[in-house]
Amino acid sequence: MLRNYSNSRTLGDNIRLGTLTAFTAGTINIASLLIFLSFTSNVTGHYAVLAAEISKGNWTQVAVVGAWILLFFFGSFLSNFIVINFNKKSKYFAHSMPIVLEIICLLFVGIYGQFYYQKTLEETEYLVALMLFATGLQNGLTASISNFSVKTTHLTGTTTDLGILLSMFTQKKYRKNGELIGRAKLLMSIMAAYVLGAVFSGLTYYYLEFRVFYVISICLLVVIGYDAYKIHIRHFNTKYRYSRIYKKPTVLAYLYDKVHGTPKKKEKRTLAFDE
């Protein structure tokens with residue numbers, strides 16, 4: 001999900017990344033709405049609030065909402081900054097670091113909310129700001145590594161794109177286009193996962209309360225762990241292959257032979273004129 005980059009990604013890579021991160025985005029958004037009465041997976045509504053507060057001359061709230069928007073912006077900026085600067089050194093590190101930062105932010109919100117939250121306005125504003133930064137990180141990462149094919153923290157563009165695609169499918173020539181069909185599958189999987197995450201959050205919040213952020217963090221760990229597992233298996237196979245080529249057995253190769261057995265060597269054929 002995280003290793004491949006831009007045009008080298010497959011439809012399966014994007015669907016797996018899109019569904020898991022959309023599920024977490026939906027969960028985050030409803031949890032923040034129930035707890036803080038504010039959406040945190042997108043900033044569309046915050047722009048409207050910003051304009052309204054400017055028209056009222058309420059400059060304190062203008063500063064707060066403006067800071068929220070800037071933090072979402074900075075989260076996206078930081079994600080892509082990490083990707084483009086560390087991508088050549090380690091794609092996995094560059095693509096997983098924004099997710100790690102998001103997990104840290106969400107765990108802080110969960111722990112602080114569970115043990116220290118006093119429901120003051122200042123606390124609420126700071127925690128909303130932190131969650132907007134976290135979702136900015138996620139949205140920036142998914143868009144960056146997928147060549148802007150996957151955006152999971154809001155569904156405005158997703159719904160628009162899907163509507164356009166479905167209108168195109170009214171003509172037979174577009175229904176046979178594999179690329180458009182794949183795009184439609186990706187968008188529908190993102191929408192379904194987002195709604196499922198939102199429903200899950202709404203049903204479980206009253207039992208879990210701030211602990212719902214721990215569940216979200218586990219989902220994000222699955223995103224990181226999937227690629228770590230794939231890299232580990234690939235590393236194991238590479239070590240084994242190199243040990244066979246250079247005839248330098250390693251512990252991994254030895255264990256592999258114990259589990260699968262040592263391959264039998266083919267007997268050398270002798271020709272009549274060799275005798």
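Just so it is clear, the structure is predicted and the values come from calculations on it, not from any experiment. Numbers here are sequence positions counted from 1.
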ask   = Looking at Thr152 and Val150, what are the two nearest heavy atoms and their distance?
value = CG2-CG1, 3.5 Å
ask   = Once you round to the nearest 0.5 Å, how far does CE of Met168 lie from CD1 of Ile164?
value = 8.5 Å
inquiry  = Do Tyr214 and Leu107 make a side-chain contact, defined as non-hydrogen atoms from C-beta onward lying under 4.5 Å apart?
reply    = yes
task = State, yes or no, whether a side-chain contact exists between His95 and Asn87 at a heavy-atom distance under 4.5 Å.
result = yes
Value rounded to 0.5 Å, distance of OG1 in Thr24 from CG in Leu106 = 8.0 Å
task = Please confirm whether the backbone N or O of Leu166 pairs with a side-chain atom of Thr170, one donor and one acceptor, at under 3.5 Å?
result = no
message = If you compare all heavy atoms of Leu137 against all heavy atoms of Glu102, which two are closest, and at what distance to 0.1 Å?
response = CD1-N, 3.9 Å
query = Is it true that Leu33 and Val199 fall in one hydrophobic cluster, defined by side-chain heavy atoms closer than 4.5 Å?
reply = no
inquiry  = Whether the Thr153 and Gln138 side chains hold a donor-acceptor pair (N or O, under 3.5 Å, no angle test) is what I'd like checked.
reply    = no
ask   = Mind checking what makes ring-ring contact (aromatic ring centres under 6.0 Å, His included) contact with Phe86, not counting sequence neighbours?
value = Phe93
Non-neighbouring partners of His154 that pass ring-ring contact (aromatic ring centres under 6.0 Å, His included), sequence neighbours left out = none
message = Do Ile35 and Phe213 make a side-chain contact, defined as non-hydrogen atoms from C-beta onward lying under 4.5 Å apart?
response = yes
message = I'd like to know if the side chain of Ser96 and the backbone of Ile224 have a donor-acceptor N/O pair within less than 3.5 Å.
response = no
ask   = Is there a donor-acceptor pair closer than 3.5 Å between any side-chain N or O of Trp68 and the backbone N or O of Glu125?
value = yes
Polar side-chain atom of Asn29 near backbone of Ser41 as donor-acceptor pair, under 3.5 Å = yes
inquiry  = So Asn14 and Thr10, do their side chains get closer than 4.5 Å, heavy atoms only?
reply    = no
query = If Ile, Leu, Val, Met, Phe, Trp and Tyr residues are connected whenever their side-chain heavy atoms lie under 4.5 Å apart, and connections chain through other members, are Leu37 and Leu127 in the same group?
reply = no
request  = Would you please test Leu78 and Leu101 for side-chain contact (heavy atoms from CB on, under 4.5 Å) and show each step?
outcome  = CA-CA 10 Å; Leu78 183 60; Leu101 294 175; 4.0 Å; yes
message = Taking CZ in Phe39 as the centre, count heavy atoms belonging to other residues, nucleotides or ligands within less than 6.0 Å. Is the count above 12?
response = no
Minimum heavy-atom distance Leu11-Gly182, with the two atoms named = CD1-O, 3.3 Å
query = Looking only at heavy atoms, what is the nearest atom pair of Ala184 and Leu162, with distance?
reply = O-CD1, 4.1 Å
query = Thr27 side chain to Gly197 main-chain N or O, any donor-acceptor pair under 3.5 Å?
reply = yes
Ring centres under 6.0 angstrom apart (Phe23, Phe200) = yes
message = Quick check on Phe210: does its CZ atom have over 12 non-hydrogen neighbours (other residues, nucleotides or ligands) under 6.0 Å away?
response = yes
query = Is there a donor-acceptor pair under 3.5 Å between the side chain of Ser201 and the backbone N or O of Ala31?
reply = yes
ask   = Between His46 and Leu132, does a side-chain contact (heavy atoms from CB on, under 4.5 Å) hold up when you go through it step by step?
value = CA-CA 11 Å; His46 294 308; Leu132 282 164; 4.1 Å; yes
ask   = Which heavy-atom pair separates Gly18 from Thr21 by the least distance, and what is that distance?
value = O-OG1, 3.5 Å
ask   = Is a donor on one side and an acceptor on the other found under 3.5 Å between the side chain of Thr159 and the backbone of Leu155?
value = yes
inquiry  = Rounded to the nearest 0.5 Å, what separates atom OG1 in Thr204 from atom CD in Glu209?
reply    = 11.0 Å
request  = Measure the shortest side-chain to side-chain distance between Phe72 and Thr40 over non-hydrogen atoms and say whether it is less than 4.5 angstrom.
outcome  = no
key: Single-linkage hydrophobic cluster, 4.5 Å side-chain cutoff, Val109 and Ile111 together   = yes
ask   = Less than 4.5 Å apart, any side-chain heavy atom of Ile103 and any of Ile99?
value = yes
query = Is atom CZ of Phe81 surrounded by more than 12 heavy atoms (other residues, nucleotides or ligands) closer than 6.0 Å?
reply = no
ask   = Just by modelled atom types, is the Ser76 backbone N or O under 3.5 Å from a matching donor or acceptor in the Ser79 side chain?
value = no
request  = To the nearest 0.5 angstrom, please state how far the CG atom of Asn58 sits from the CG atom of Leu50.
outcome  = 11.0 Å
message = Given 3.5 Å as the limit, does a donor-acceptor pair link the side chain of Ser32 with the main chain of Ser38, or not?
response = yes
note = The reported gap from CG in Leu121 to OH in Tyr126 (rounded to nearest 0.5 angstrom) is 10.5 Å
query = Would you say the side chains of Asp161 and Thr158 form a donor-acceptor pair under 3.5 Å?
reply = no
ask   = What's the shortest heavy-atom distance between Arg183 and Leu165, and which atoms?
value = CG-CD1, 3.5 Å
task = Just jot down the ring-ring contact (aromatic ring centres under 6.0 Å, His included) partners of Phe36, sequence neighbours excluded, or say none.
result = Tyr117
ask   = Does Tyr112 OH have over 12 foreign heavy atoms under 6.0 Å away?
value = yes
key: Glu123 and Tyr116: side chain donor to acceptor below 3.5 Å   = no
